[in-house]
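Single-structure report; data block below.
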There are 2 protein chains.
Amino acid sequence: MEEKEISQAVISRLPRYFRYLGELKERGIERISSQELSDIMKVTASQIRQDFNNFGGFGQQGYGYNVEYLYDEISKILGIDQMHQLIIIGVGNLGQALTNYTNFNRRGFVFKGAFDCNPELYGMKIRGVEVRPTEEIENFVRTNNIDIAVLTIPKDQAVPMAQRLVDCGIKAIWNFAHVDLDVPENVQVENVHLSDSLMKLSYNITRYEKKHGRTGNGKTGS
Amino acid sequence: MEEKEISQAVISRLPRYFRYLGELKERGIERISSQELSDIMKVTASQIRQDFNNFGGFGQQGYGYNVEYLYDEISKILGIDQMHQLIIIGVGNLGQALTNYTNFNRRGFVFKGAFDCNPELYGMKIRGVEVRPTEEIENFVRTNNIDIAVLTIPKDQAVPMAQRLVDCGIKAIWNFAHVDLDVPENVQVENVHLSDSLMKLSYNITRYEKKHGRTGNGKTGS
DNA sequence: AAAGTTATGTGAAATTAATGTCAAATCATA
DNA sequence: TATGATTTGACATTAATTTCACATAACTTT
Ligand SMILES: NC(=O)c1ccc[n+]([C@@H]2O[C@H](COP(=O)([O-])OP(=O)(O)OC[C@H]3O[C@@H](n4cnc5c(N)ncnc54)[C@H](O)[C@@H]3O)[C@@H](O)[C@H]2O)c1
Ligand SMILES: NC(=O)c1ccc[n+]([C@@H]2O[C@H](COP(=O)([O-])OP(=O)(O)OC[C@H]3O[C@@H](n4cnc5c(N)ncnc54)[C@H](O)[C@@H]3O)[C@@H](O)[C@H]2O)c1
């Protein structure tokens, strides 16, 4: 059986489809055509059909797509029909914020453990999740079938920690440290580089102002 | 003068170049060829040259690129040679984590104000930034030359809040709420959809397991 | 059940992005 | 200052992605 590789460009769009379909579902809408979805989402109907067709025909000619069915299929494609066990490494500002966020749960992402190297944090509980010393990571990952490690530690710590995670059989790393991780291909990495995102925003501000001749609000410190 | 539009694909790569150049600069390295950078960054030398050339010739034939000069030029392109004034709207888990993060400062992104609708938070200070009632947003944005609003409020609040920000002349919105904002083209939006990012990770885990036939937490186990 | 309508799925065309190639400029060196 | 090595910038080529267009299947209505 020939499984063709789906491009990441397509995958990146799936969560957005999923979100819109979830909203339609909640509003009790049963069916939708690629054209209607196109109007709502501001992407071409053609792209919508192409995207879905990568995974097989979910629609019906003359009818369109069944919202609930399509929603379920996308959730299967994304693998969020299954539970994922997470641990968080680095219980600082960002680590705590993520652990406290309840909405990941609703998509089947469950925080099972939290780890830090700061002894003062040991035993502290965040939404029922206890903070443990980093020494326990390896054992915890293995005995609790952890899929994903969330890395919210300083960047110089992230590289060796990623290696430890790889060595104890983690499946994926959600990396918030501002550094590239070099891992084998059996470990998936998704980077969230917030500074990069902010810089892109800065570029777009600058570009717009250049193009439209507004030099800005005088600013530069003041 | 004909200013050709640079594709967002190129822009997305600039912060990464910037990061690597910063590291080279700190290590005291003066010059680098596209081939050397290619080896370090794992992108083709051709793409590096092509990317830089979008903005004019920064290199010298037979020599390569001057690290510091290139670093400075990219920082100008990204607009981070200038200060940016930020406000944060929604001082919850995520809002506080972001406000506490000192590294944005070093790139010229400065938090000038924080706003929430919860009266219990008014007057609270986060790294010297005082939390104010949302009613004061409009006036604050105008009198303090705020460029960027960071939106860390629930998604149903984000849409009307974005409208208020647009109306009082904000230049950009850094949106963490899981919803698409519809704003005029003079306002730049950069979305950080963390759930989308997690779903992509989930997809890649699933894809890898499908491809390699490991259904459970079988481990790499060497 | 037939006729007309709708909207998918698909292959082809167009566009956009990435990679490969090489002449020409500059560097290093003797 | 001449020579050979290096490396960019520009252009050509290839690959990937998006859009177009339409035959075809299924729906709806009479
Ligand atoms: N907070 C933000 O808004 C933000 C934004 C962008 C990027 N980041 C990145 O996220 C990471 C965390 O940021 P933060 O603001 O939460 O930092 P933080 O200092 O608040 O927290 C870091 C935590 O990691 C722990 N730690 C350090 N080394 C460790 C190790 N080897 N093993 C386990 N725990 C360790 C520390 O004890 C601390 O509790 C950093 O890499 C930062 O660059 C954060
Ligand atoms: N915390 C996370 O890790 C995380 C992850 C992904 C997405 N998000 C998104 O970020 C946003 C904030 O998440 P959070 O975890 O910080 O939530 P939170 O509940 O901790 O904080 C939200 C804050 O916004 C304030 N608020 C609500 N409505 C407001 C309004 N109209 N004006 C001003 N302030 C208002 C609340 O009083 C609260 O202080 C949400 O949209 C959430 O979906 C958060």
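Residue numbers start from 1 in every chain, and the chains themselves are labelled A, B, ... in the order their sequence lines are given, proteins ahead of strands.
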Would [X] and [Y] count as having a side-chain donor-acceptor pair, cut-off 3.5 Å?
{"X": "B:Asp167", "Y": "B:Gln163", "result": "yes"}
{"X": "A:Gln8", "Y": "B:Asn204", "result": "yes"}
{"X": "B:Asn54", "Y": "B:Gln50", "result": "no"}

* Five-pair end axes of the helix from C:dA1-D:dT30 to C:dA30-D:dT1, angle between them (10°) ->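 Inter-axis angle at the ends, rounded: 30°.
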
* Could you list by number each residue of residues 42-54 of chain A showing a heavy-atom separation from DNA chain D of less than 4.0 Å, or answer none if no residue does? =>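 Correct list: A:Thr44, A:Ser46, A:Gln47, A:Arg49, A:Gln50.
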
* To do: Could you list where the contact with chain B starts and ends along DNA chain C, reading 5' to 3', using a 4.0 Å heavy-atom cut-off?
  =>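 Contact span on the strand: C:dA17 to C:dA28.
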
* To do: Starting at atom CG of B:Leu70, determine the distance to atom C1' of D:dT8, rounded to an integer number of angstrom.
  =>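 About 13 Å, once rounded to whole Å.
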
* To do: Go through the steps to decide whether B:Phe104 and B:Trp174 satisfy the test ring-ring contact (aromatic ring centres under 6.0 Å, His included), and finish with yes or no.
  => CA-CA 13 Å; B:Phe104 295 140; B:Trp174 200 24; 5.7 Å; yes

* Out of curiosity, B:Lys112 NZ to B:Ile146 CD1, how far, rounded to the nearest 0.5 Å? ->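 Interatomic distance, B:Lys112 NZ to B:Ile146 CD1, rounded to 0.5 Å: 7.5 Å.
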
* To do: Identify, with sequence neighbours excluded, every residue that meets side-chain hydrogen bond (donor to acceptor under 3.5 Å, both in side chains) alongside B:Glu138.
  =>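 Once residues adjacent in sequence are excluded, the partners of B:Glu138 under the side-chain hydrogen bond (donor to acceptor under 3.5 Å, both in side chains) criterion are B:Arg164.
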
* Going by heavy atoms closer than 4.0 Å, what residues in residues 6-37 of chain B are next to DNA chain C? ->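 Residues of residues 6-37 of chain B under 4.0 Å from DNA chain C: B:Ser7, B:Arg13, B:Arg31.
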
* Asked: Is there a side-chain polar atom (N or O) of A:Tyr65 under 4.0 Å from OP1 or OP2 of D:dA26?
  ->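 No, A:Tyr65 has no side-chain N/O under 4.0 Å of OP1/OP2 on D:dA26.
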
Atom pairs and distances, side-chain donor-acceptor, residues 178-185 of chain A, under 3.5 Å, sequence neighbours left out:
{"residue": "A:His178", "atom": "NE2", "partner": "A:Asp196", "partner atom": "OD1", "Å": "2.8"}
{"residue": "A:Asp180", "atom": "OD1", "partner": "B:Arg19", "partner atom": "NH2", "Å": "3.3"}
{"residue": "A:Asp180", "atom": "OD2", "partner": "B:Arg16", "partner atom": "NE", "Å": "2.8"}
{"residue": "A:Asp180", "atom": "OD2", "partner": "B:Arg16", "partner atom": "NH2", "Å": "3.0"}
{"residue": "A:Asp180", "atom": "OD2", "partner": "B:Tyr20", "partner atom": "OH", "Å": "2.6"}

Heavy atoms, side chains only, cut-off 4.5 Å: are [X] and [Y] in contact?
{"X": "B:Thr152", "Y": "B:Ile89", "value": "no"}
{"X": "B:Leu151", "Y": "B:Met161", "value": "yes"}
{"X": "B:Ile6", "Y": "A:Arg207", "value": "no"}
{"X": "B:Glu36", "Y": "B:Arg31", "value": "no"}
{"X": "B:Arg106", "Y": "B:Asn103", "value": "yes"}

* To do: Tell me, with the steps shown, if B:Lys171 and B:Asp147 meet salt bridge (Lys or Arg N to Asp or Glu O under 4.0 Å).
  => CA-CA 5 Å; B:Lys171 288 180 188 165; B:Asp147 305 301; 3.2 Å; yes

